[in-house]
Student: 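Can you keep this structure in mind? I'll have questions shortly.
A quick note: this is a predicted structure, and the numbers were derived from the prediction, not measured.
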Amino acid sequence: MPDRKSLEDAQEMTAAEMTVYEAVAALNVEQRHATVAEVARMTGLGDDEVRRCLDRLTAGGRLVPKGDAYLLGDHDWGLDY
């Protein structure tokens, strides 16, 4: 279980992780699951970099895997898209 304080601190995320997180959030708001290919296409990052970011974000509790896609994990950020 991730540390609640850690989830609140966006400064712990790298720029690439923040970019990937934002792409996942945008897709989830549209009721779509975020796949590696879709996030890579949205962000311009390579598949390997996206996978590394998704793995770190999942390990940190920010994302939850769902099959071959990802959903937002617990968060208290107001995301308006």
Student: State which residues pass side chain to side chain donor-acceptor pair (under 3.5 Å) with Gln31; sequence neighbours excluded, sorted by chain then number.
Tutor: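 Scan of Gln31 (side chain to side chain donor-acceptor pair (under 3.5 Å), adjacent residues dropped) gives none.
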Student: So which heavy atom on Gly73 is nearest to which on Val64, and how close?
Tutor: CA-CG2, 3.7 Å
Student: Less than 4.5 Å apart, side chain to side chain, heavy atoms only: is that true for Glu17 and Arg62?
Tutor: no
Student: I'd like to check the side chain to side chain donor-acceptor pair (under 3.5 Å) partners of Arg52; sequence neighbours left out, ordered by chain and number.
Tutor: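 Partners of Arg52 under the side chain to side chain donor-acceptor pair (under 3.5 Å) test: Glu49.
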Student: For Val50 and Ala40, which heavy atoms make the closest approach, and how far apart are they?
Tutor: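 Heavy atoms only, the tightest pair is CG2-CA, 3.8 Å.
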Student: Roughly how far, to the nearest 0.5 Å, is OG1 of Thr35 from CZ of Arg41?
Tutor: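 Separation between the atoms: 6.5 Å.
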Student: To the nearest 0.5 angstrom, please state how far the OG1 atom of Thr43 sits from the OH atom of Tyr21.
Tutor: 16.0 Å
Student: Using side-chain heavy atoms (C-beta onward) and a distance below 4.5 Å, is Leu71 in contact with Leu63?
Tutor: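 A side-chain contact is absent here, since even the closest heavy-atom pair is not under 4.5 Å.
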Student: Would you name the heavy atoms of Val36 and Arg51 that are closest together and state the gap between them?
Tutor: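 Minimum heavy-atom separation between Val36 and Arg51: CG2-CG, 3.9 Å.
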Student: Going only through I, L, V, M, F, W and Y residues with side-chain contacts under 4.5 Å, is there a path from Met18 to Val20?
Tutor: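 Linked, Met18 and Val20 end up in one cluster.
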Student: Quick check: closest heavy atoms across Tyr70 and Asp55, and the distance to 0.1 Å?
Tutor: OH-OD1, 4.2 Å
Student: Does the side chain of Leu27 come within less than 4.5 Å of Val39's, by heavy atoms?
Tutor: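 Answer yes - side chains close enough.
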